[in-house]
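Notes follow the structure.
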Amino acid sequence: MESLGEATLTQLRKGVLEFCVLALIDDRERYSFEIVHELGQADGLVTTEGTLYPMLSRLRKEGVVDTTWRESSTGPPRRYYRLTSRGRTRLGAFLEEWTRFRQSVDMVLGTGVTP
Amino acid sequence: MSTSTLLHPLAADYLVRLRVAVRALPREERQELIVEIEAHLNEATRVGMSNAAVLSVIDRLGDPDEIVGAQQPAGQPPSPQATGTVVARRRGAQEWAAIFLVMFGGVPAALVGLFLVAQLSGGTGVQIPAVVDVIALGPVSGWIAGLMLMWTSDAWTRGDKLLGTLAVPDAVALASLALIPGIQDRPGPRSLLLLLAACVCIASGFYLAWRAGRTVADG
């Protein structure tokens, strides 16, 4: 079975990764390593975990996420991330688009359940 | 904010490589990234862990240069590529090729062409033998290619690019002064003008190389 080209996969990942981060902290705040680790668990989603840190930094600068330092019993303080209202809006917009997109692609590919 | 906890030697080694890689970033952003990655290594590895396990963590983290490349310098508008593996281009192959061609693509053309014109026309007429056109064409195309490479690069500001574009025409203008009847037959001033013309080209090359090494945050 031929696998998807590297460039195509990379493009797909680039597009959705930041929204996956936003979705992860939607229900509760998480600290950097938690986010990176959890995304890393999802098969094929992250190839270079390290590049998530610059992304987190960028999301902070864009005002999409807020961070708080909290003491940790097991080591150095941890930086906890949570969504801002702007982040929540952005996530909501993406979810709409993504659902529509996914359904359309699945339908055309004939691999999905009919909506 | 750096921790004083000990790291597995392989993890510590990775951090050293990262410290080298972050030199490509503005000073303010270096420490932040190092702290984050160090914290990651502290969470994901232990001093007593097997080498294989630590290597696998480092593998998943990725190449330090790739991580640094994913960091957009402050002041730049975030692009959709920010989450990916785009390496911030400074003095890359395109930049060096542009500098070389802009500098040398034009100089031989200008100087050789003008020198031949002066020699072949005996210093009086303005006859330009066709052969000179052909000789000049090659390097001139090189210069134009160099200009295209320079303008499509993101390593330079518009001002830098304008300077780079004007360098060779200015040099040509200087060199053409050597053809003025009063100066043409005086080797001293003529050589001086040609030398100045060459200096303008070379100086512009150095300027472009220097500017390409600066990050956007430096202005």
Side-chain angles (χ1 to χ4, degrees), chain A residues 6-22 30-65 67 69-81 86 90 94, chain B residues 1-7 11 14-15 17-18 21-22 24-26 28-46 56-88 217:
Chain A
E6 211 28 69
T8 314
L9 255 180
T10 309
Q11 288 301 320
L12 281 174
R13 285 191 197 108
K14 274 188 211 175
V16 303
L17 212 43
E18 98 171 40
F19 300 101
C20 291
V21 171
L22 299 185
R30 288 163 201 259
Y31 67 102
S32 341
F33 181 75
E34 247 191 304
I35 297 172
V36 171
H37 181 75
E38 197 148 336
L39 283 177
Q41 301 285 83
D43 183 30
L45 204 54
V46 187
T47 46
T48 313
E49 289 181 358
T51 57
L52 286 170
Y53 289 101
M55 191 205 316
L56 287 172
S57 167
R58 176 177 61 85
L59 292 174
R60 234 173 29 242
K61 288 173 188 159
E62 289 178 13
V64 167
V65 300
T67 65
W69 287 96
R70 292 193 204 287
E71 286 298 327
S72 151
S73 51
T74 55
R78 292 168 171 169
R79 190 170 211 164
Y80 281 81
Y81 286 78
R86 179 187 285 188
R90 192 184 278 198
F94 172 77
Chain B
M1 264 244 150
S2 81
T3 67
S4 52
T5 53
L6 269 150
L7 279 176
Y14 179 86
L15 213 53
R17 283 166 50 204
L18 182 68
V22 292
L25 293 177
E28 322 82 59
E29 296 178 24
R30 291 177 198 170
Q31 195 55 23
E32 182 186 314
L33 188 57
I34 291 172
V35 165
E36 301 263 10
I37 302 291
E38 191 175 357
H40 179 107
L41 288 169
N42 269 308
E43 296 257 11
T45 67
R46 295 276 175 274
S56 135
V57 167
I58 287 172
D59 222 30
R60 292 165 65 100
L61 259 183
D63 182 56
D65 287 313
E66 205 179 325
I67 298 174
V68 168
Q71 180 108 348
Q72 296 283 352
Q76 253 188 10
S79 75
Q81 295 174 321
T83 58
T85 55
V86 175
V87 176

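Proteins get letters first, then strands, A, B, ... in listed order; numbering begins at 1 in each.
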Residue pair [X] / [Y], side-chain heavy-atom distance below 4.5 Å:
X: A/E49; Y: B/H40; answer: yes
X: A/S57; Y: B/E32; answer: yes
X: B/I67; Y: A/Y53; answer: no

Does atom CZ of A/R86 have more than 12 heavy-atom neighbours, drawn from other residues, nucleotides or ligands, at distances under 6.0 Å?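 No - once you tally the heavy atoms of other residues, nucleotides and ligands closer than 6.0 Å, there are 12 at most.
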Determine the minimum heavy-atom distance between B/L61 and A/T48, stating which atoms define it.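 Shortest heavy-atom contact: O-CG2, 3.0 Å.
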Write down the atom of B/E66, the atom of A/T51, and the distance for their closest heavy-atom approach.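 Shortest heavy-atom separation between B/E66 and A/T51 comes out as O-CG2, 3.9 Å.
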Measure the spacing between [atom1] of [X] and [atom2] of [Y] and express it to the nearest 0.5 Å.
X: A/R79; Y: B/E36; atom1: CZ; atom2: CD; answer: 5.5 Å
X: A/F33; Y: B/L41; atom1: CZ; atom2: CG; answer: 9.0 Å
X: B/D59; Y: A/T47; atom1: CG; atom2: OG1; answer: 11.0 Å
X: A/M55; Y: B/Q71; atom1: CE; atom2: CD; answer: 12.0 Å
X: B/N42; Y: A/R78; atom1: CG; atom2: CZ; answer: 10.5 Å

Go through the atoms of A/V46 and report whether side chain, backbone, both or neither lie under 4.5 Å from a heavy atom of chain B.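 For A/V46, there is no contact with chain B at all, as no heavy atom is under 4.5 Å.
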Non-neighbouring partners of A/F19 that pass ring pair (Phe, Tyr, Trp, His ring centres under 6.0 Å), sequence neighbours left out: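 Result, ring pair (Phe, Tyr, Trp, His ring centres under 6.0 Å) vs A/F19: A/F94.
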